[in-house]
Each structure stands twice: as C-alpha cells, then as structure tokens.
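These notes are about the structure you will find just below.
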Amino acid sequence: MIAEQLLFAFLAACAVTTAVLMVFQRNPVTSAISLIGNFFCLAALYLLLEAQLLAVLEIAVYAGAIMVLVVFVIMLLNVGDEVSLSFRPNLRMIAGGVLMVAFLLELLYLFTMAPGAGSIVVAAMRPSGLGTVESMGHALYSGFLFPLQITGLLLLIAVVGAVILAKRRLS
Amino acid sequence: MNLPITWNDVLALGPIAVVFGGTLLLVVLESIVRKASPLMFWVTVGVLAVAAGCALATIGVAGTAFGGTVLTGGYASYFALVFSAGALLVTLLSPAYLLKRATAFTEYYILLLAAVTGMMVMAASNDLVVFFLGLETMSVAFYVLAGFTRQSVTSNESAMKYFLLGAFATGFLLYGMALVYGTLGSTSIAMLRSSAAAHAGEPLFLVGLGLLLVGFVFKVAAVPFHMWVPDVYEGAPTMVSGLMSTGGKSAAFAAFLLVFGADVLQSAAPIREVMAVLAALSMIVGNILAISQTSVKRMLAYSSVAHAGYILTGVIAANADGANGVMFYLLAYTLMNVGAFGVLSILETASVENVRIDDLAGLSRTRPWLAGLMALFMFSLTGIPPFAGFFGKYYVFTGAIGAGYTWLAIVGVIMSVVSAYYYLRLVVVMYFQEGSPDQVGTATGIGLASLVLPAIALLALGLLPSTIVNLTMQCF
C-alpha cells in the first residue's frame with residue numbers, strides 16, 4: 001500500500017513537472033519531448049489504477065501516433081522563427097496568475113483538509129478487472145453503445161471539417 | 001453490465017436516428033452527385049422535415065433507451081422539434097446566401113445536419129458522457145461552419161476564436177464532470193439529480209458543479225464568458241450565426257436544465273446564488289453594450305447575451321413555471337432570432353458583408369416586406385405582446401418570482417425596457433429615416449417564404465401560448 005502511494009506521488013510529481021515544462025519551454029521541440037514524458041507518466045498512473053488497456057492505448061495513440069504528428073507539424077512549419085516571441089507580463093496575465101494560484105489552493109484544501117475529504121475517493125471505486133480488453137469491450141458495446149456511435153459521428157465530422165478548411169482549392 | 005440492446009432502442013431515438021442517418025446519407029451522396037446539384041439541399045430539407053414530424057409524433061411518450069443513457073420522447077422530442085424547425089429555416093435561407101459569399105459547397109449541409117444531431121443528443125442526454133459527446137459534435141461542426149467562408153479574414157478569425165475559447169471551456173466542463181463523477185461514482189444525470197441532496201454538503205461536489213457551470217455559461221454565452229460572442233457572430237457566415245445563436249444556445253440550455261435541475265439547484269444553494277448574479281449581469285451587460293453597436297450583427301450578438309440572462313432566470317427559478325418558461329422562450333427565441341439573421345442574410349451582398357444599422361435607413365420604402373418582417377422580429381425580441389417573445393419573458397419572470405427571486409425579475413423587466421431602445425431604433429431607422437438602401441440585396445421567393453413562416457408562428461404562439469405550454473407541461 002505504502003509502495004503504491006510512494007509510486008503514485010513520484011509519478012504524479014513527474015506528470016506535473018513535465019506538463020509545466022511543456023508549457024514553459026521556449027523551444028517547441030523540447031516542449032514536445034516534455035509532452036511525451038507526460039504521456040508516459042499518465043500511462044504509468046493508469047497502470048496503478050489497474051487500467052492496463054488504457055495505459056497501452058495512451059502510449060500507442062498519444063505518445064506514438066499523435067506525437068509523431070506534432071513533431072511533423074513542428075518540422076514542416078519550421079517554427080524556429082517564433083522562439084523569439086516576446087513575453088511581457090501585463091495586468092491581465094497577473095490577474096490570471098493570481099486566480100490560478102487561488103484555484104490551486106482551493107483544490108488543495110478540498111482534497112486534503114475539507115470536511116469529508118477522505119471519503120471522496122471511495123465513491124469512484126474500481127471494479128476488479130476493469131482495465132482488461134474484455135471488460136472495456138463489454139462496456140463499450142452494451143452500456144456505452146450510444147456514446148460510441150456518437151463518437152463515430154464526431155470523428156467523421158472532424159474529418160469532413162478538416163478537408164473543408166485545409167483543401168487547397170475548392171470547386 | 002449486460003444490457004439487451006435491440007432495434008427498438010434505435011427506433012425509440014426517433015428524430016436523433018433520423019438526423020444521424022441523414023448526416024451519413026449526405027456524406028455518401030456528396031461523393032456521388034455533381035457539385036452544383038441542388039440534391040444535397042433538398043435531402044437536408046427533407047431530413048429535417050421528417051425529423052420534425054418524428055419529434056412531433058413522439059412528444060407524448062417519454063422514456064429512455066440504450067440502457068438509460070438517452071432520453072426519448074417528451075423533453076428530448078420537444079427540443080428536437082425546436083432544433084429541426086430552426087435548422088430547417090436556416091437551411092432554406094442558406095443557398096442564396098452561400099452563393100453571395102461564393103462558398104456554395106455542399107459540405108455545408110453535412111456539417112449543418114451533424115450540428116443538429118449534436119444538439120438533439122445534448123437535449124436527450126441522461127448521462128454526462130452522452131451530453132459531452134453531443135456537445136462536442138455540435139461544437140466541432142460549428143467551429144468549421146464559422147470558418148466556412150475561407151477567403152474572409154473575419155470568418156477565419158471567428159472560427160479560430162471560437163475553437164480556442166470553446167476548447168478551453170470544454171476543459172472546465174470535463175474537469176467538473178470528473179469531480180462530480182468522483183463524488184457520485186456515476187456519470188448518470190438522473191443519479192446526479194436524485195442524489196444531489198445527499199452530496200450537497202461535500203465541497204468537492206460543489207466545486208465540480210461550479211466547473212460544470214463555467215462550461216455551461218460559456219456555451220449559452222452569458223456573462224462573464226461572453227467575450228467571444230460578438231466577434232464570432234460577426235465573422236461567421238450570417239446563417240451560421242443564426243443557427244449558433246438559436247440552436248446552439250437552445251441545446252446548451254436544454255442540457256443545462258437537465259443537469260442543473262430543480263433538485264440540484266435546491267440543494268446546492270451557493271451555485272444557485274452564483275447563477276442568479278450571472279443572470280443579472282448578463283441582462284445588464286448584454287443590453288447596455290448592445291445600445292452602442294453600429295453593426296446589426298454585433299447588436300444581435302449582445303442581445304443574445306442579454307437573452308441568455310433572461311432564460312437563465314427561468315433555470316434558476318427551479319420550478320415548473322421556470323422550466324416551462326425556458327422551453328417556451330427557447331422556441332420563441334429560435335424563431336425570432338433565425339428570422340432576424342435571415343433578414344440580414346438577404347440584405348447582405350457580395351460587397352456589403354456587414355450590414356450597419358444606418359444602411360437600413362429608408363428600407364420600408366424599397367423593401368417593404370423585409371422591413372415589415374424585421375420590425376416584427378424586433379418587436380418580438382423586445383417582448384411586446386402579442387408576439388411570442390412577450391410570453392417567454394412572462395413565464396420565466398413568473399417562475400423567478402414564484403421561487404423568491406423577485407429582484408432578478410425586476411432587473412429583467414427594467415433591462416427589457418432598456419432593450420426596447422436598440423430594438424426599436426432599428427424600426428425607427430427603417431421606417432422614419434430617409435436613405436437609399438439600394439446597395440442591399442433582395443429576397444428570393446423561397447427566402448421570403450422562410451421568413452414569413454416564423455413570423456406567422458411567432459404571432460400564433462403569442463396569441464395561443466397555451467398550445468405549447470400544454471406540450472411542455474407534459475415533459476416533467
């Protein structure tokens with residue numbers, strides 16, 4: 001149990017660090033690499049939750065396919081020129097930063113000190129064998145059949161939309 | 001979980017199944033028919049008409065399908081009717097407008113039907129996952145439709161702005177869902193409503209609801225998440241703005257009413273207070289900023305923020321009057337706002353992309369029909385009886401007073417009076433100012449017919465509001 005918690009703390013810290021690095025890196029390529037690190041941390045966290053299939057998919061789809069796309073776009077666009085993008089703090093950014101810190105503190109309070117904070121995690125219990133391919137398949141094709149179909153439509157529309165917006169010449 | 005899902009579930013979906021199938025049919029047809037063929041347009045019209053008929057036929061029998069994740073009949077069918085009516089009018093007005101913008105691509109109809117499918121799924125969602133997917137289907141279709149006139153810089157800006165801010169709002173919505181799921185252990189909306197009272201004391205549940213609220217307030221375009229509205233509505237193709245401001249808003253409100261139902265609001269008092277403040281701010285900010293606009297589209301955009309405030313009042317009431325009011329209001333608002341955007345789409349030409357209020361001077365003499373219809377829509381938007389807009393406001397404010405939110409109703413009435421200034425100014429400019437609006441476009445037969453239809457419906461609903469209220473009463 002303690003080992004699990006230690007592992008969780010380590011992975012969570014890694015995930016947050018890589019996420020922050022991804023946003024604050026000036027160079028898009030190092031930014032992308034931080035993102036890959038983030039995906040791996042998340043995959044490991046899924047494993048801790050016994051969601052094996054999700055962990056594999058996270059690596060195959062995100063760290064694999066999507067990251068390749070991101071790196072390709074960076075290469076093709078040659079974003080190197082935008083590294084010098086200036087960053088001057090103004091009143092809006094400061095206000096946003098203050099709000100962000102306030103929100104973080106609020107969440108920290110909620111998860112640790114608020115009355116009833118301990119009972120939170122109990123509700124979202126994990127049924128055994130949740131993460132196997134079989135149980136995912138069962139869920140997708142029974143209780144979540146309708147959402148699955150709508151996801152199909154959503155992807156189809158995204159493809160149609162991408163073609164419309166990106167096609168060189170429309171007739 | 002072993003749920004027997006059969007064809008009956010698909011049939012029970014009714015209008016959703018029709019538009020879903022229609023979208024797929026259009027994708028296939030698009031690759032077969034010639035590019036200039038009007039077939040795609042007519043199929044879209046047919047699909048929407050069948051969906052409306054289907055919605056009307058199933059409105060009496062409420063139930064669920066697909067293992068309780070989707071609502072069928074009743075509430076879902078009522079909103080399906082609102083969406084298909086609005087989308088039908090938008091479709092009828094679109095071909096002439098798209099020709100003017102030189103973007104008469106048939107993909108437009110695929111995206112339009114997909115957006116309508118998303119709306120219907122949102123109004124029928126009984127599970128947060130279903131709601132989220134419906135919302136995304138609608139939003140993705142709208143992101144693309146907003147940028148449909150690719151050669152126009154403002155259209156590109158509109159799509160980009162809507163996409164970035166919409167994706168950001170989605171993040172809040174998802175985080176809210178995650179926290180709510182964390183406290184309840186279920187994504188079922190029915191369960192969210194029934195167990196809200198038991199969890200109302202848990203801070204995490206309230207924060208989850210608060211984050212959900214941020215997402216909803218963005219999608220219904222209320223203060224303080226209204227910044228995108230004027231730019232997006234101004235830049236997007238006019239008929240797309242027409243659909244976004246009516247169908248998109250109605251769908252968001254339909255889901256809003258499902259998630260933040262009476263049980264949830266009555267137990268989560270802090271959320272309700274926040275909503276009341278946001279509603280008041282929306283009415284005040286929307287109406288006051290609308291006064292100073294010179295572009296008609298921007299004026300309608302700020303007016304849509306104000307209307308989000310009025311409708312929110314009905315949600316906050318959390319009683320039968322309020323809910324009926326919201327449902328009636330959304331139907332009326334769909335008809336009058338599609339009408340107003342429709343008149344604009346006709347008046348715009350290839351050179352005049354953005355009609356200013358001054359451009360309308362003297363319109364009553366050169367285009368008496370269009371001026372008359374626009375005046376009628378403006379009267380209805382103001383909330384002057386006997387048009388349907390009046391009864392929409394009447395019901396939501398009655399609901400608010402019944403729930404003890406008299407101050408909110410008072411703010412609403414005062415702000416309706418303020419709104420009369422800018423709505424009626426348009427009428428004054430059209431009828432009493434000299435001008436030569438010869439540069440503006442003229443209506444085709446089909447365009448004029450699709451404007452007369454909502455005008456007649458608004459008058460009929462205003463004279464006999466009980467026909468619709470009897471329908472909406474059955475939905476609870």
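What you see is a predicted model, and the numbers here were worked out from it, not measured in a lab.
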Practice prompt. Would you sort out whether B:Val130 and A:Ile150 count as a side chain to side chain contact (heavy atoms under 4.5 Å, CB included), showing the intermediate values?
Written response: CA-CA 8 Å; B:Val130 173; A:Ile150 298 296; 5.8 Å; no
Discussion item. Checking B:Thr23 against A:Ile157 for the side chain to side chain contact (heavy atoms under 4.5 Å, CB included) test, could you report, in this order, the C-alpha distance in whole Å, the side-chain angles of both residues, the deciding distance, and whether it holds?
Written reply: CA-CA 9 Å; B:Thr23 315; A:Ile157 287 312; 4.2 Å; yes
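Partners of A:Phe39 under the ring-ring contact (aromatic ring centres under 6.0 Å, His included) rule, at least two apart in sequence or in another chain, are A:Tyr62.
Separation of atoms CZ (A:Phe146) and CG (B:Asp127) is listed at 11.0 Å; rounding is to 0.5 Å. Put simply, CG on A:Leu153 and CG on B:Leu113 are 10.0 Å apart, with the number rounded to the nearest 0.5 Å.
B:Thr117 touches chain A through its side chain: at least one heavy atom from C-beta onward sits under 4.5 Å away, while N, CA, C and O do not. For B:Leu206, no part sits under 4.5 Å from any heavy atom of chain A, backbone or side chain. For B:Val10, no part lies under 4.5 angstrom from a heavy atom of chain A. Residue B:Phe131: no heavy atom, backbone or side chain, is found under 4.5 Å from chain A. Heavy atoms closer than 4.5 Å to chain A are found in the side chain of B:Ile16, but not in its backbone.
In this structure, the side chains of B:Asp9 and A:Leu145 stay at 4.5 Å or more apart for every pair of heavy atoms. At a threshold of 4.5 Å between non-hydrogen side-chain atoms, the residues A:Ile164 and B:Phe148 count as touching.
With chain A as partner, the option from B:Tyr143, B:Tyr175, B:Phe205 having the largest number of non-hydrogen pairs under 4.5 angstrom is B:Tyr175.
Against chain B, the residues from residues 96-106 of chain A that qualify, each with a non-hydrogen atom under 4.5 angstrom away, are A:Phe103, A:Glu106 in number order.
The number of heavy atoms from other shown groups lying within 6.0 Å of CE (B:Met191) is above 12. Atom CD of A:Glu134 has 12 or fewer neighbouring heavy atoms from other residues, nucleotides or ligands inside a 6.0 Å radius.
For the side-chain contact (heavy atoms from CB on, under 4.5 Å) with B:Val140, the lone residue among A:Val160, A:Leu155, A:Leu154 that qualifies is A:Leu154.
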